[in-house]
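Taking it in order: structure first as structure tokens, then the write-up.
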Amino acid sequence: MQRRTLVTCGLPYANGPAHIGHLRTYIPADLFVRSLRKQGKDTTFVCGSDAHGTPIVINAEELGVTPAELVQKYHDHFDETFKSLNIIFDKFGNTESDTNHNRTTEIVNTLIANGYVFSQSIELAYCPTCDRFLPDRYVEGVCPDCGAVARGDECDQGCGKHLEPGEILEPLCKICRSRAEYRVQEHFFFRLSEFKGFLSDYLDKLGGTSNARNYALGWVNKELHDWCITRNLEWGVPFPDHENLVVYVWVDAPIGYISFTEEWADEHGVDWKKYWMNPGGDTDIIHFIGGDIIYHHCIFWPALLKGAGYTLPRAVVASGMVKIGDKTFSKSRGYVVWVNDDYLDKGFHPDLLRYYLASYTSHTKELNFSWKVFQEKVNNELVGTLGNFVYRTLLFAHKNFGTVPEGDIDPEVMEKIGDARDAVIAAFNEYEFKRGIDAAMNLAAFGNVYFQSNEPWQLIKTDASGAGKVVRNCLQIVKALAVLFEPVMPVTASAAWAQVGMDAGLDGASYDKATVEIAVGQPIPKPAMLFAKIEDRAIQEMEEILEERVSKAVKKKHVTFEEFSELDIRIGTIVSAEPIKKSKKLLRLLVDLGENRDRQIVAGIAETHNPDDLVGRQVVVLANMQPAKLFGVESRGMILAGDSDGAILLMPEREVPAGTAVA
RNA sequence: AGCGGGGUAGGGUAGCCAGGAUAUCCCGUCGGGCUCAUAACCCGAAGAUCGAUGGUUCAAAUCCAUCCCCCGCUACCA
């Protein structure tokens, strides 16, 4: 009995449009699925929109629409965008579907029945000003373990520990910056800690990429905390018997993988349980995800599945993140390239992007997106090597023969093709997409050498059958290239396939077709070029768009005189200055601002200024700066300074009384 | 400072997990060839103490240790 494979992609969050970063996961996954099918493997490919969670609720609120409307909008957007790129899922679902609600409820109930869920009354951050319980990502406070400033769900700058709701100290509402208070509420927890031993064994055997496995093992070897799986929201899957609570989005999102499979199976008369309720059975589940959600897929998710008795994933393939111009993706800073606005709508062919993203570097490494590199790869590799070989071969064949001419296939040529095919298959199966594509591209380069060194354009004058033989060998290579490149560039590969006169489509063609001798007499129609060069102008335009987006993002808005008047800027005299322990940049200053008491101000000038030299100097101070604690020292004001290669302190032209106003 | 990712010819990259004999590929530079092909293609050359030091080994870009540097996020730059 043949094993079947289920491939999934991390669910796009239905809260914004698709950008290039998304594609780093989806394109290789699609490539992988196509490659499996070319090996004759029974493969199903599912994905869908992640519909729940706080950001969607808040964003919908701001836009004046319902969460459901917002989700539908982006669901349709992703669905269309993926299709435009020929990323073809068997099912692209939505975690808000009835199937997913039902499946999530069933799994939660099973976990409860199996004793893996317990309830506990916990204190949760509640903002009296906003009148709501604060989701963890809207809470800021102090890490209970290391004392660093932390986010509600993770001590992201200190010890890196995952924080459960209610753990954080001194909570602050991130929305209105006011002090949050704790209110007691009953919540439900998943006994993740009981799965430590299981996870340790499981991860040892987990397939996929090593970055996922190693990262997760690092966590398992530490301490696993039980996991709060309920939230105060009205949008999501209700927690059984508790109408005011929904299931945490990270529970129902991956369950989407199951429910999408169910929906697909129902539509095709297949039993979904063979996939998901078949532990130790004959199904391989492979998750493709971005490197940012390894924790959820390698820790929480397998524990949930184990606890509820479902099939465990066999592999997790985690892609490296995409950067832009060496900067991390950031919508707010303008470092983003949109799939539609910046690529498809500009008329670039989807296959080019597929090629670039899959072949530039190893799948697990960071990829620094650059229009310049994109252009170089297209023009040199796709146009110069692959496109040129195919076109020169086809045009020569068409002009001189019109059909596939007679002539034996060189054993050396067939061997090269066979080697390339094997290398491509092996590499793709190991998630080494670049290596596989390089192997295919090497075959094209070999084709150019073969054509060049055999000089058919000379032979044709004196020895037509000799030229024919060379041409048939080259056509064989073209045929093989079409097969090998189909997973990467399905549209272009199909075009090449048709151009060598194959009448059946390339879609169902197995890898083995690469070494099936091309039939003599098959018509070779007039070819069209597979790839067009990308002009400098087009790239320049794209670079300008990106630059403009970045500069727009950092541009500051105008302020009114009234707004400016709210700033209390005064001249003060530094009374004392001393370094702050453990900090290399900060000084603790006492400044006379003409008030009863000197102000304590923390300034980040330790690297450029000696404390002793500062005493007695006059500086310009923003006196009504929001007080803040830096390294545990309260700062009530801000010293103004030029920011150029270190701090350049602003000073008055001549000495004035401390407290003199600046306007 | 914490966490993450890196340091391989002028630029960008592969190889590192499973250590071996001329370190990959793309671009650039220099010289040559070809003219079927999208000024494409082919051949050749120069160019790398594989971040540093120490260790393991017959053998290290690859394994171990220590250190340095760069980038990103967060964070002290209030």
Side-chain angles (χ1 to χ4, degrees), chain A residues 143 146 148-151 154-161 209-211 213-215 218 291-292 320-321 323 326-330 335 359-362 364-368 370 372-373 375-377 379-385 387-400 432 434-435 437-438 441-442 445 447-460 467 470-471 474 527-533 580 582-587 601-608 621-641 643 646-647:
Chain A
C143 173
C146 70
V149 178
R151 234 165 48 188
E154 183 189 353
C155 179
D156 47 355
Q157 10 175 322
C159 55
K161 188 187 154 178
T209 51
S210 58
N211 56 339
R213 192 171 44 250
N214 294 341
Y215 181 85
D292 52 341
M321 304 308 278
K323 299 205 293 183
D326 220 24
K327 307 280 184 190
T328 295
F329 247 84
S330 163
Y335 288 107
S359 72
Y360 185 59
T361 189
S362 305
T364 56
K365 286 203 176 161
E366 228 164 50
L367 185 154
N368 196 2
S370 139
K372 189 95 195 112
V373 172
Q375 181 196 26
E376 280 180 7
K377 283 190 74 79
N379 288 357
N380 297 321
E381 296 166 28
L382 293 182
V383 175
T385 302
N388 181 243
F389 170 67
V390 172
Y391 187 64
R392 74 198 292 202
T393 296
L394 290 168
L395 190 64
F396 191 86
H398 171 72
K399 275 189 183 166
N400 294 289
E432 295 284 357
K434 179 197 165 50
R435 198 199 293 160
I437 292 170
D438 282 352
M441 197 53 84
N442 282 339
N448 273 320
V449 173
Y450 186 85
F451 196 108
Q452 191 78 24
S453 57
N454 285 295
E455 302 188 321
W457 62 90
Q458 293 290 0
L459 278 177
I460 193 74
V470 174
V471 168
C474 287
M529 292 184 292
L530 295 179
F531 304 99
K533 274 205 165 187
I580 289 177
K582 287 201 271 187
S583 154
K584 53 182 189 185
K585 283 188 180 174
L586 299 182
L587 290 183
I601 296 176
V602 177
I605 54 174
E607 288 178 320
T608 43
V621 175
L622 177 60
N624 61 340
M625 185 75 200
Q626 169 117 28
K629 252 190 182 178
L630 306 175
F631 267 62
V633 181
E634 178 149 56
S635 178
R636 306 181 58 84
M638 172 173 171
I639 308 285
L640 301 186
D643 183 12

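The sequence lines fix the lettering, A, B, ..., with proteins before strands; numbering per chain opens at 1.
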- Query: Who is the Watson-Crick or G-U wobble partner of rA65(B), with both distances under 3.5 Å?
  - Reply: rU53(B)
- Item | Minimum heavy-atom distance between Lys434(A) and Ser362(A), given as atom pair plus value | CD-N, 4.3 Å
- Item | Sugar-phosphate only, base, or nothing, as touched by Leu530(A) at under 4.0 Å among non-hydrogen atoms | base
- Query: Which comes earlier along RNA chain B counting from the 5' end, the contact point of Lys434(A) or that of Glu381(A), where each point is its nearest nucleotide?
  - Reply: Lys434(A)
- Message: Any strand counts, and the cut-off is 3.5 Å on both contacts for Watson-Crick or G-U wobble. Which nucleotide pairs with rA9(B)?
- Response: none
- Gap in Å between the two P atoms, one belonging to rG28(B) and one to rC41(B), rounded: 10 Å
- Task: Find the partner of rA21(B): check Watson-Crick (N1-N3 plus N6-O4 or O6-N4) and G-U wobble (N1-O2, O6-N3) distances, both under 3.5 Å, and reply none if neither fits.
- Result: none
- Message: Whole angstroms only, please: what is the CG-C1' distance between Asp292(A) and rG5(B)?
- Response: 14 Å
- Message: By the 4.0 Å heavy-atom rule, please label Phe531(A) as base, sugar-phosphate, or nothing.
- Response: base
- Task: Round to a whole Å and report the spacing from CG of Asn454(A) to C1' of rU35(B).
- Result: 16 Å
- Of Asn442(A) and Thr361(A), the one whose closest RNA chain B nucleotide lies more 5': Thr361(A)
- Task: Can you tell me the distance, in whole Å, between the CZ atom of Phe396(A) and the C1' atom of rA37(B)?
- Result: 11 Å
- Item | Pairwise C1' distance, rA48(B) and rG11(B) [rounded to whole Å] | 14 Å
- Query: Just wondering, do Trp457(A) and rC36(B) stack (centres under 5.5 Å, planes under 30°)?
  - Reply: yes
- Item | rC16(B) versus rC30(B) - spacing of their C1' atoms, nearest Å | 33 Å
- Task: Please report, rounded to the nearest Å, how far the C1' atom of rG72(B) is from the CG atom of Asn368(A).
- Result: 11 Å
- Query: So what's rC34(B) paired with, Watson-Crick or G-U wobble, going by both distances under 3.5 Å?
  - Reply: none
- Task: Side-chain contact test, heavy atoms from C-beta onward, threshold under 4.5 Å: evaluate it for Tyr450(A) versus Val470(A) and give yes or no.
- Result: yes
- Task: For nucleotides rG20(B) and rC27(B), find the distance between their C1' atoms and express it as a whole number of Å.
- Result: 31 Å
- Non-hydrogen side-chain atoms of Lys399(A) and Leu395(A) separated by less than 4.5 Å: yes
- Just to confirm, is there a sub-4.0 Å distance from OP1 or OP2 of rC73(B) to any side-chain nitrogen or oxygen of Lys323(A)? no
- Query: Which atom pair, heavy atoms only, marks the closest approach of Thr361(A) to Glu366(A)?
  - Reply: CG2-O, 3.7 Å
- Whole-Å P distance, rG15(B) and rU62(B): 15 Å
- Query: What's the shortest heavy-atom distance between Gln452(A) and Trp457(A), and which atoms?
  - Reply: O-CH2, 3.6 Å
- Query: rU24(B) and rC43(B): how far apart are their P atoms, nearest whole angstrom?
  - Reply: 15 Å
- Message: Whole angstroms only, please: what is the CD-C1' distance between Glu366(A) and rC73(B)?
- Response: 11 Å
- What's the CG-C1' distance between Leu382(A) and rA40(B), to the nearest Å? 14 Å
- For atom P, what is the distance between rA65(B) and rA46(B), given to the nearest Å? 38 Å
- To the nearest angstrom, the NZ-C1' distance between Lys372(A) and rG28(B) comes to 12 Å
- Is there a donor-acceptor pair closer than 3.5 Å between any side-chain N or O of Ser370(A) and the backbone N or O of Lys372(A)? yes
- Query: Quick one: are Met441(A) and Leu382(A) in side-chain contact, heavy atoms under 4.5 Å?
  - Reply: yes
- Message: Checking base pairs now: Watson-Crick or wobble, both atom distances under 3.5 Å. What partners rA48(B)?
- Response: none
- Message: Could you check whether any side-chain heavy atom of Ile601(A) comes within less than 4.5 Å of a side-chain heavy atom of Val621(A), counting everything from C-beta outward?
- Response: yes
- Message: Quick check on rG15(B): is either OP1 or OP2 less than 4.0 Å from any side-chain nitrogen or oxygen of Ser362(A)?
- Response: yes
- Task: Ignoring the backbone of Lys365(A), work out which of rA37(B), rC34(B), rG15(B) is nearest its side chain.
- Result: rG15(B)
- Nearest listed nucleotide, side chain of Gln452(A), among rG12(B), rA37(B), rU38(B): rA37(B)
- Looking at the side chain of Val449(A), which of rC42(B), rG5(B), rA37(B) is the nearest nucleotide? rC42(B)
- Contact class for Gln458(A) vs. all strands (heavy atom < 4.0 Å): base, sugar-phosphate, or nothing? sugar-phosphate
- Note on the structure: Lys399(A) has its side chain closest, among rG12(B), rA14(B), rA37(B), to rA37(B)
- Pairwise P distance, rG44(B) and rC3(B) [rounded to whole Å]: 49 Å
- Query: Paired with rG28(B): which nucleotide, if any, by Watson-Crick or G-U wobble criteria at under 3.5 Å for both distances?
  - Reply: none
- Measure from the side-chain heavy atoms of Tyr391(A) and tell me the nearest of rC27(B), rU13(B), rU38(B). rU38(B)
- Residue Met529(A), side-chain heavy atoms: nucleotide from rC34(B), rU38(B), rC42(B) that is nearest: rU38(B)
- For Asp438(A), which contact category applies under a 4.0 Å heavy-atom criterion: base, sugar-phosphate, or nothing? nothing
- Task: Using atom CG of Leu394(A) as one end and atom C1' of rC41(B) as the other, report the distance to the nearest whole Å.
- Result: 16 Å
- Closest listed nucleotide, where the reference is the side chain of Arg392(A) and the choices are rC36(B), rU13(B), rA78(B): rC36(B)
